[in-house]
Amino acid sequence: MPQYMDETVLLPLRNILEQAGYTVNWNSKTQSAVFSSGDTEAYQLSPATGTLTQDQAVLWTDPNIVVEKGTTYVSADLFDYIEGITADWDGATNTAIVTTASPRDNVYCYDLGEGTLTQGTREIPYQMQGVIGVPEGENRPIIIFLHGSHPIRSAAENRYDLGFSYLVDQLADAGYLALSMNVVINYSFENGEPNGCQRTVQVVEQQSALLKQATEGKEGIFPCDLKNKGDLNQVILVSHSRAGYDIFEVADQTELLGIQGLISAAPSLVSPLSGDPVDVPVGIIIPQYDGDVTSLDGGTLFDELENTPQRSSGTDLIYLENGNHGGFSTALVRPDPFADRDTLSLVMKPEEQRTFFSTYVMDFVKTVLETGKTPLETVASLSDEYAGYPIMARVDASGDILYRATVDSAGNLKTTDTVAEAVNACSTLDHTADSFRIPGSFLQYDLTRVRWEKAGASVSIPVTADLQQASYLQIDLAQDSGDERNRQQDQSMIVTLQDKSGQKASVQVPAGTPALTWQEGTVESLPAAGQDTFLQYSTFTPLGTIRLNPEDFDGVNLSQITQVTLTFDQPSGSIMLREIQSVK
């Protein structure tokens, strides 16, 4: 790996040379490294003096060369004098960018030359750069990655697109044409203040136009043969941070790409969507310890998608426990800029977070292209893990709403030894849900809070439901972990259906079910204008989805369900109920 030495970044000589196809040896007589490739005249490098020679001619002397534990480290500039290799150091992304004549695993850095963006009357030049992975086979689906807005030193040099090279590589191996596009010009003020994601839309459209030409057989555009390699009618966009919202504008405005699905990791809401979101499957990932988008805006995005009436496609919302903002990208190696220093030790290792992300992206791409549904949309029981890592999952799928928490809906409930009341879990001082804190930012977020002090307490919800053809009965709720009634323990409950004739059938939802688990944390008192204190739980509490198979409710007429009853078998507790739904 590159090393910081005396405030200078040095690169490992042998590692880079061998990946570039050079044979490296040691000449004990001259005490120098000797390396050559093919018919190229051998180079010699003296670690003692830093002198690089070829055919006895001095090419350059490296003043920073050093040997550390048997590895020779050199300045990036040295590779300017070696045929077939270029090397540079991007200080903004902490990335060594090394380009060789022969690609590793069919992955290429590309530079398509200078493009021009328009913003109002201005014309803005930029370099059309990125990384592309080329699969075996023809007419393969295309996966496009878009990075977010991070510290920028130079829009022409900083390469956050390379942070997703690992996934480009994996997707190409799996048979997809994958690209990560450099859209840093959208976040740069070097050419005037950007306007939303207007520049990103143009970058994607312009690079896609060149990609189309290359797949149709035009040569000399990309540094690789792309004839018949990609199908622009089967495209999935994967995004991170600011681009997590931008992809919805790209999908809405692109004329060249047939967008089949969207993945948004740690999205940041800077400006609202200009129109209704496109009706394609969406996967949203929000990391627990996001030290950049600290409000976990993915919760807001999920709510916006869920409440778009014309959408029929499903949405996954995955709350990744112990994840952070930068762990998705290899270009973000520093701690998140606004991270709570007390939680840094709890954050999962970056390589673990990337393993999780890779697994979900692969699953999403395969499932959406084969079925038109998200990975979690057809799962009968939602787990508390994904790829072996702890999560909380919530799913929006097409179906009928049987109950939705509103200001008035709690008044229609029948309670036995419970108290049911409407609360507002918003992000303002209108918050009435005590310390309960959900991911996202809301002016109004209605929940029905149910509290009890006796085992066997229940709340009955009148419904009119035909579950005969339903795939699942779905309940979105969460334990109110900050309420002492829960005793820092997981809850459990019994769900009972009653039909028109009065027949009943029940299913047990055991303790340990993700949506009913206690989330570790403490209730904090924060100063607030106009009142003494503002209570807030130290941990976000995402709502989770419980899915039940209607066929498990034996003995009732599923086509004529009139009531759903939740019976709580713990001695006391408190839950927040959002919705009950019949999923097709």
Side-chain angles (χ1 to χ4, degrees), residues 314 376-383 394-406 408-422 446-479 490-516 543-584:
L376 299 183
E377 200 173 347
T378 58
V379 176
S381 179
L382 297 176
S383 172
R394 190 174 173 200
V395 183
D396 177 49
S398 60
D400 299 322
I401 304 299
L402 308 184
Y403 178 82
R404 185 69 181 270
T406 66
D408 301 320
S409 59
N412 299 322
L413 305 181
K414 179 181 178 181
T415 60
T416 301
D417 297 321
T418 60
V419 176
E421 58 184 332
D446 293 317
L447 294 170
T448 300
R449 178 167 56 196
V450 181
R451 291 172 165 172
W452 67 96
E453 302 275 1
K454 180 180 180 181
S458 65
V459 57
S460 295
I461 302 147
V463 301
T464 301
D466 181 357
L467 300 180
Q468 193 71 52
Q469 303 301 320
S471 298
Y472 311 106
L473 177 68
Q474 181 167 294
I475 306 173
D476 287 358
L477 53 76
Q479 182 187 142
D490 295 349
Q491 288 293 341
S492 58
M493 67 182 186
I494 300 168
V495 179
T496 303
L497 300 185
Q498 179 174 314
D499 64 20
K500 189 175 181 179
S501 65
Q503 297 296 311
K504 298 179 180 180
S506 300
V507 169
Q508 175 77 41
V509 182
T513 300
L516 292 173
L543 297 171
T545 293
I546 294 174
R547 281 189 157 172
L548 303 174
N549 187 344
E551 294 181 357
D552 292 338
F553 292 88
D554 189 32
V556 295
N557 185 346
L558 290 173
S559 66
Q560 296 182 332
I561 300 300
T562 59
Q563 183 173 278
V564 178
T565 299
L566 309 181
T567 302
F568 307 102
D569 42 18
Q570 300 295 326
S572 65
S574 174
I575 66 161
M576 296 290 190
L577 174 64
R578 175 67 170 181
E579 185 176 271
I580 301 177
Q581 183 181 10
S582 166
V583 177
K584 297 177 181 178

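On a predicted model such as this, the values are computed, not experimentally measured, just so you know. As a basis for the values below, the full set of heavy atoms in this structure was taken, side chains included, without hydrogen atoms, waters or symmetry mates.
A distance-only check finds no donor-acceptor pair linking the side chain of Arg547 to the backbone of Leu382 [under 3.5 Å]. A distance-only check finds a donor-acceptor pair linking the side chain of Ser471 to the backbone of Lys584 [under 3.5 Å]. Remark: side-chain polar atoms of Gln491 are paired, donor with acceptor, to backbone N or O of Ser572 under 3.5 angstrom. Remark: side-chain polar atoms of Thr562 are paired, donor with acceptor, to backbone N or O of Gln498 under 3.5 angstrom. With Gln581 contributing its side chain and Ala397 its backbone, the two residues share a donor-acceptor pair below 3.5 Å.
Ala511 and Ser492 make their closest contact through N-CB, 3.3 Å (heavy atoms, listed as atom of the first residue, atom of the second, distance). Closest of all the heavy-atom pairs between Ala457 and Trp452 is CB-CB, 3.5 Å. The two residues Ala470 and Pro550 come nearest to each other via the heavy atoms O-CG, 3.8 Å. In this structure, Val379 and Ser381 approach most closely via the heavy-atom pair CG1-O, 3.1 Å. A pairwise comparison of heavy atoms in Leu402 and Val463 identifies O-CG1, 3.8 Å as the closest pair. Minimum heavy-atom separation, Leu577 to Leu477: CA-CB, 4.0 Å.
The side chain to side chain contact (heavy atoms under 4.5 Å, CB included) test applied to Thr565 returns Ser458, Ser460, Thr496, Gln563, Thr567, not counting sequence neighbours. By the side chain to side chain contact (heavy atoms under 4.5 Å, CB included) test, Val419 is found to be paired with no residue, residues two or more places apart in sequence or in another chain being considered. Listed by chain and number, the residues in a salt bridge (charged side-chain N to carboxylate O under 4.0 Å, His left out) with Arg578 are Asp303 (sequence neighbours excluded). Take Gln468 and apply the side chain to side chain contact (heavy atoms under 4.5 Å, CB included) test, not counting sequence neighbours, and it matches Asp466, Asn557, Leu558, Ser559. Take Thr415 and apply the side chain to side chain contact (heavy atoms under 4.5 Å, CB included) test, not counting sequence neighbours, and it matches Thr418, Ala420, Val459.
Between the CG atom of Asp417 and the CZ atom of Phe568 there is a distance of 12.0 Å, given to the nearest 0.5 Å. We find the CG-CZ distance between Asp476 and Arg404 to be 8.5 Å, quoted to the nearest 0.5 Å. In this structure, CG in Leu376 is found 9.0 Å from OG1 in Thr545, a value given to the nearest 0.5 Å. Annotation: the span from Gln479 atom CD to Met493 atom CE amounts to 12.0 Å, rounded to 0.5 Å. Once rounded to the nearest 0.5 Å, the distance linking CD1 of Ile475 with CD1 of Ile461 reads 7.5 Å. How far CG of Asp400 is from OG1 of Thr464: 11.0 Å, rounded to the nearest 0.5 Å.
A ring pair (Phe, Tyr, Trp, His ring centres under 6.0 Å) check over residues 456-477, counting only residues at least two apart or in different chains, returns nothing.
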- [ ] Step by step, work out the side chain to side chain donor-acceptor pair (under 3.5 Å) result for Ser501 and Asp499.
- [x] CA-CA 6 Å; Ser501 65; Asp499 64 20; 2.9 Å; yes
